[in-house]
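Note sheet for the following structure.
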Amino acid sequence: MHPDVQSAGHAKHFHYRPAVDGLRGVAVLAVLGFHAFPETVSGGYVGVDVFFVISGFLITSIIARQLLHADFSFADFYWRRVRRLFPALILVLATTLALGWFLLLPNEFKQLGKHATAAAAFLANFALWRESGYFDTAAEFKPLLHLWSLGIEEQFYLVWPAILVALWKRKTALFAILSILVLASFALSVSLSQSAPVANFYWPVSRFWELGAGCLLALSMEKSTRAPASTASNLLPLAGLVLILASIVIFDTTTPFPGWPALLPVTGSLLILATPGDSWFQRKVLASRPLVWTGLISYALYLWHWPLLSFLNILAAGLPPLALRWVALGLSFLLAWLTYRYIELPIRRHKELRFNLRLAAAATIAGLAGIVVYVTGGVAQRFDSDIQALHHGPRRDALCPTRFDAKAPINYCRTTSEKPPSILFVGDSRAHAIYEVTAPLLAPKHSVMLLGRGGCPPLLNVRLRGYDQNEKECQQVWQTFVQYVHRTKPRVVVVIGNDSSLINDPEIHLTRAGATAAESKEATFEYGLRSLLSELTQYSRVIYLGEIPVFPTSPSCFLRAFRLPTTHCHPERDRVQVERAVAPYNRVLARLQTAFPQVQLVDAITVLCAANVCSQRPPGKPILYSDAVHLSPAGARLLVENTGLTRLISRDVVNPDSG
């Protein structure tokens, strides 16, 4: 990178190409466009992949020139990375945490603290990968989400310089080994793009091929002599830019990325980097002053833009107005230029060890601040007890998962006893709040257990598409639950039901084996629920809790100390509207009640809603929801008490469990 060359004291070994900074400008503008205008710049996320190729190319070029002149030093390399990355990163982390203190609720601020610590340690990609799932916060509400890419780059640089130095004198072996590693990483990326797309996105091993491609190009160009400008040297970078722009226009969030599609922006970047910098296209287009200036501030611009846009998303409870997004981008450019001019450039001139250690210490302090925020629950004391209660409790305990295969896709697994359960709660993530309230009441006499999988509503032998990222596992999940019921034969199984959207939402598709093309979604839904109840009722008394009303926005929308004037919160829904939405779902339940008269149906709507309205915070009552979908502890308690659910469960379970 040009800034790295400046700070290294090796500029005499490196030929600076303004067009490379211009390519950086293209990359960061693509990312900004995607984040600010996702409906228009649908594939702008490929800008990160362009950055990866540039980084691999430039770092390898710099190290190679230093090795040629016998003046490479690992200490110098990594201290340069510290001076290059830490100043702007520390400033952005500190600013983001400060904004989080004023703008975020406890659970949100707690998550931000975790992300700040992970980012300070360049492990953000792993933190984001581990927390992905149905209950995960939406990407646009994570102010430090973008730092996953910084983690991947630095993880690459922990390994690559050592390989390069170790094999430098054996160039053929170096080139062959790097080629094999790049191909293996690419093959893994293609394989994971369908089977494990989230892991593929965040896992460094499946991303290293993009940086490695830039490294291969740099090594290839070290061997070759510089060719004079020609027609090809004008056409190749033009073709490369076309490939990148085509990716930005054609791709969207449904594209299985990375994988085969990532070849377009990666190849485009390689074509641009591989051609001489003195060609007309490079000089007049990519090396134009606006693009080069944008490229020079691209690191700071990348760091600043997303926290600003993300906080806007949070305060707007969704995508903010277009004008505000433009304002955020303008402010991002201003902050990026000030950071580059008055922080990045001056600090790069300080090469003393003492100064480097101070930067490392400052990054450590930023990481420790994130830990403090995390362990204090997002400094929950800032809010009253009603708001502090709006958190998602633990999903797994130490005892429950030992009863299943380690690979079983269960993310809600809790139990009150080492004995097999006499009372079993099953469902998706909504089941957790109900279990939390009822388990302490039942546990003194009975073994109580929760099994659930977020994003997998209670249906058996029905495939979902367009519902949730966990949907491919749902058939296996419910087969596992049914098998466990058959094996342990609990006296009561409580099914936490939903979801009328499976019938109503045109984007969600339900299929099953043996169905005709004309079968309606309502009929397929009924088949899945009938199949489940048929299996469960063979061994257990079944209680089915009907759908819990959902809302367009979370209570956090109206609980924030600050929100935008344009923000519209929806803490209430007309009850008629709710009942109209669940009418097809209720028709299915009515037919199944006839088929399974022994199943006890419990209506949640009559308890959670008043005569005319359903509310997240009814007058004189605590907040009933922790988000737009899931009940808070107070909401679950209200539901359990007013339906008499505990009494229904205990009705025939009169004897305490015995060993």
Side-chain angles (χ1 to χ4, degrees), residues 1 3-5 7-8 10 48-49 51-67 71-90 93 115-130 144 146-168 173-175 177-186 188-189 199-219 258 299 302-303 348 353 356-357 359-364 366-367 370:
M1 299 179 184
D4 286 314
V5 176
S7 63
H10 295 290
V48 174
D49 306 88
F51 274 126
F52 284 162
V53 178
I54 296 172
S55 295
F57 174 78
L58 289 179
I59 289 295
T60 303
S61 298
I62 292 168
I63 295 176
R65 296 298 175 91
Q66 291 175 355
L67 289 171
D71 60 0
F72 174 77
S73 159
F74 282 105
D76 174 67
F77 173 80
Y78 288 113
W79 283 126
R80 277 192 293 115
R81 298 303 296 170
V82 167
R83 292 194 299 274
R84 169 72 173 113
L85 299 177
F86 280 26
L89 178 62
I90 294 167
L93 290 179
H115 293 171
T117 299
F122 298 104
L123 296 172
N125 55 317
F126 287 111
L128 293 161
W129 172 26
R130 287 179 60 85
L144 295 177
H146 62 319
L147 298 184
W148 68 269
S149 62
L150 199 59
I152 285 179
E153 281 201 31
E154 296 318 301
Q155 289 151 25
F156 181 80
Y157 293 140
L158 287 176
V159 178
W160 172 237
I163 296 175
L164 185 56
V165 171
L167 297 175
W168 178 249
L174 172 63
F175 201 84
I177 290 173
L178 179 58
S179 298
I180 292 171
L181 291 175
V182 168
L183 289 174
S185 174
F186 175 68
L188 179 64
S189 179
N200 188 37
F201 190 87
Y202 289 121
W203 202 22
V205 179
S206 59
R207 285 284 193 169
F208 278 178
W209 71 274
E210 298 173 275
L211 291 113
C215 298
L216 279 174
L217 177 62
L219 293 176
Y299 174 59
Y302 183 78
L303 291 183
R348 287 178 202 164
L353 178 61
N356 292 333
L357 291 174
L359 285 175
T364 302

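Heads up: numbering here begins at 1 and tracks the sequence.
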Closer than 3.5 angstrom, by distance alone: can the side chain of [X] be matched with the main-chain N or O of [Y] as a donor-acceptor pair?
X	Y	answer
Thr364	Ala360	yes
Tyr157	Phe77	no
Arg207	Tyr202	no
Asn356	Arg83	no

With heavy-atom distances below 4.5 Å as the criterion, would you say the side chains of [X] and [Y] are in contact?
X	Y	answer
Ser189	Trp209	yes
Val182	Leu211	no
Leu164	Leu67	yes
Val165	Phe74	yes
Leu123	Trp129	no
Leu178	Leu167	no

Hey, are Trp160 and Thr60 close enough side-chain-wise for a donor-acceptor pair under 3.5 Å?
-> yes
Evaluate the ring planes of Trp148 and Phe52, with Trp represented by its six-membered ring, and classify them as parallel (under 30°), tilted (30 to 60°) or perpendicular (over 60°).
-> perpendicular
Ring center gap for Phe86 and Phe122 short of 6.0 angstrom | yes
